[in-house]
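For the single chain, residues carry numbers from 1 onward in sequence order. Note that the structure is a prediction, hence the values are computed from the model and not measured.
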Amino acid sequence: MSHTIALRLICGAGALTLALGCGRVIAPEDEEPRAVCAASEEWHVVDERIDERAGQALLWFDGGPIVATHFRSLSGDSSSLEHFDARGDEIFRAAMNQRVSLITAHDDGFLAVGQGDGSPRRLTLEYHAGVAPFTWRASIATEEDFWPAAAHVVGDALLVIGSQEPHSGADKDVVVYGFTQRGEPRFSEVFGEEPPVIGQSRDERVVGSYVSADLAVIVSQTWIDGAGGPVKAFAVDSGGEKRWEYSDAFQYARGTSWTVTPTSDGGALITGSPSAGGIASGSARLLRLDAAGKLLWERTLKDPVIEEPEVMAAAALPSGGFFLTGLGSGPLAHSWILDEDGAPLLAISHDDDQLAGAPSFSRVEVMPSGGVLLASEKRDSAGGALNLLRVDEDGQALWQHRIAGAGIGFISDLIVSPDDHVVLAGRFAKEDSADERHVLQLSDACQLTADR
């Protein structure tokens, strides 16, 4: 039986409470970081059925986070939906007998998207109007296993986008399921190509999507015979009709850290790693598309110190430029600030202390009041760490918050609320606990400007 334990972590004047990390300011003139963190909250969700394969998804809704947690056991998949207020008190908890990997705002409430493999294979939508009982539910059978990547409202339709993965191991395709905004099924469209040669496999997978001018834009990569391959972006309307397509024949690595960053003009920045024999080789490649799928510019990321930098995460800045973070074959991890035309303005070096032992930051989020938040995770059976670092518009560190200790930690999801609350969901098993999940909310009272 699952249970929730609510506790508050207080950091101040250099003190560490409950062996967890405080927010810290990192300034070049300081030999040691100073603790200036105000109160933050952390909730622990523990269930014996949870293992490392389980996932979590977050959504900020009505003043607090909604957490979708997937449980896996011999009896099948199930998920819980939990809504907390800003102080960590539980508002409601609901259950779904499927794997929920996606929650998104919809109308005045939120939508939970669940999928089930095996027999029968099903895709289920549940709409909640801010309360525990669902307002409506829609469920359809799918021909193959379906892995949802996003749900978008386009015109009068609700489009659920994902990858179709047959049990037979045959080619994988991109699939779009169309519903009315109240969940009545309308259509399904499969987007894929036949293998060019008999005996050759061709798997196409969704790597990102966004909405532009009443069209859903899907970015996908094709793996040929299990190795890397080209990338393309294509737009579909509310009826599933393809309206435009952009193809880049350049070979990208299998498993590259793709980023698809929507821009204010309806376009996007797409980044991926070149491929040599299916593995990453060479500096990251940047593609900037406009709202009609036209290529505005193409760049190869260069760094004066890091060899062959690979972009791990990216965000569009309010100024019109971009913030990228990544790693390379050199000794350091870097972040980069680019202008709106992709020209580099600044390279920021991150040492091991800022990374908390991780090879690079894996996530970046723009903070509503300015600057960006970077997240890293160190997976180590001898002692993992989850780490948050906030930097200002010039790349200067403002505060750092880390959770360190025994066990293996990983970040399932990370969101930032409109008023700068940071919510982190992930696994961090302390001592001998193998099934512990944490939801951490950190207020922005740790910012350096409050201490100047």
Who are the salt bridge (Lys or Arg N to Asp or Glu O under 4.0 Å) partners of D107, not counting sequence neighbours?
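Here no residue qualifies.
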Quick one: list whatever passes salt bridge (Lys or Arg N to Asp or Glu O under 4.0 Å) with E189, sequence neighbours left out.
none
Sidechain-backbone polar pair: Q181 side chain, G155 backbone, donor-acceptor under 3.5 Å
yes
Run the side-chain donor-acceptor check on residues 212-219: report pairs under 3.5 Å with partners two or more places apart or on a different chain.
{"unit_1": "S212", "atom_1": "OG", "unit_2": "G266", "atom_2": "O", "d": "2.7"}

For E143, I'd like to know if atom CD has over 12 heavy atoms of other residues, nucleotides or ligands within 6.0 Å.
no
Other residues, nucleotides, ligands: >12 heavy atoms within 6.0 Å of D108 CG
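Result for CG/D108: open.
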Any side-chain donor paired with an acceptor under 3.5 Å for S101 and H70?
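Note: S101 and H70 side chains miss the donor-acceptor criterion.
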Between S163 and E165, is there a side-chain donor-acceptor contact under 3.5 Å, judged purely by atom types and distance?
no
Determine all donor-acceptor pairs shorter than 3.5 Å in which one atom belongs to a side chain in residues 226-238; sequence neighbours excluded.
{"unit_1": "K232", "atom_1": "NZ", "unit_2": "E204", "atom_2": "OE2", "d": "3.4"}
{"unit_1": "D237", "atom_1": "OD1", "unit_2": "G239", "atom_2": "N", "d": "2.9"}
{"unit_1": "D237", "atom_1": "OD1", "unit_2": "G240", "atom_2": "N", "d": "3.2"}
{"unit_1": "D237", "atom_1": "OD1", "unit_2": "E241", "atom_2": "N", "d": "2.9"}

By side chain to side chain donor-acceptor pair (under 3.5 Å), R285 pairs with (sequence neighbours left out) D248, Y252, E298
Side chain to side chain donor-acceptor pair (under 3.5 Å) partners of T256, counting only residues at least two apart
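Counting only residues at least two positions away or on another chain, T256 forms a side chain to side chain donor-acceptor pair (under 3.5 Å) with S273.
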Does a salt bridge link R254 with D225, judged by any charged N lying under 4.0 Å from a carboxylate O?
no
